[in-house]
Amino acid sequence: MARGGRAGTLTIARRRDVDARRARVAQALDAMRTEGIEITISSVAARAKVRRSFIHRHLDLRADVYAAADQPSAAASATTTSRQSLKADNLNLRAIVRRQTQHPGTTPR
């Protein structure tokens with residue numbers, strides 16, 4: 001019986017630890033959104049003092065981080081470039097380079 005009691009105690013302690021880490025990740029995300037800091041899994045993990053694997057293992061936390069990374073921050077100004085805008089520019093530039101390499105005789109305008 002003592003063995004079952006110890007296992008129950010360890011399970012409760014583990015649950016508390018996981019809950020505390022989850023709360024730290026949520027707090028870190030909120031703070032980073034407010035401060036306008038770039039949000040990545042690595043930056044959130046560092047701020048929350050958890051390992052990146054913790055965020056990767058908890059699919060809801062990972063989804064929250066990705067969603068927050070795609071949203072403009074509250075501190076973003078008109079001069080701040082969004083991540084989606086940079087990705088679109090990158091894709092457009094790659095398409096231009098690809099077209100130019102297919103037609104070596106043409107020069108860019």
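Position 1 is the first residue of the sequence, and the numbers go up from there.
Contact record, R62 with I55: CB-O, 3.6 Å, taken as the closest heavy-atom pair.
No side-chain heavy atom of Y66 sits less than 4.5 Å from a side-chain heavy atom of I39. Side-chain contact between E38 and S43 is absent, with no heavy-atom pair separated by less than 4.5 Å.
In this structure S53 satisfies the side-chain contact (heavy atoms from CB on, under 4.5 Å) test together with R51, R57, sequence neighbours excluded. Partners of N92 according to the side-chain hydrogen bond (donor to acceptor under 3.5 Å, both in side chains) rule, which considers only residues two or more places apart in sequence or in another chain, do not exist here. R22 meets the salt bridge (charged side-chain N to carboxylate O under 4.0 Å, His left out) test with D60; sequence neighbours excluded. Taking the side-chain contact (heavy atoms from CB on, under 4.5 Å) definition, one finds that A63 meets it with nothing, sequence neighbours left out. The salt bridge (charged side-chain N to carboxylate O under 4.0 Å, His left out) check on R21 picks up D17, with sequence neighbours excluded. The side-chain hydrogen bond (donor to acceptor under 3.5 Å, both in side chains) test applied to R15 returns D19, not counting sequence neighbours. Listed by chain and number, the residues in a side-chain hydrogen bond (donor to acceptor under 3.5 Å, both in side chains) with S42 amount to none (sequence neighbours excluded). Take A28 and apply the side-chain contact (heavy atoms from CB on, under 4.5 Å) test, not counting sequence neighbours, and it matches V44, R47, A48. In this structure R16 satisfies the side-chain hydrogen bond (donor to acceptor under 3.5 Å, both in side chains) test with no other residue, sequence neighbours excluded.
Listed by first and then second residue, the ring pair (Phe, Tyr, Trp, His ring centres under 6.0 Å) pairs that reach into residues 36-55 are F54-H58, sequence neighbours excluded.
Rounding to the nearest 0.5 Å gives a distance of 8.5 Å between CG of L86 and CG of N90. In this structure, the separation between OG1 on T101 and CD1 on I96 is 12.0 Å, given to the nearest 0.5 Å. For the atom pair CZ of R98 and CZ of R94, the computed distance is 8.5 Å after rounding to the nearest 0.5 Å. One distance of note links CG of D30 with CG of D64; it measures 9.5 Å at 0.5 Å rounding.
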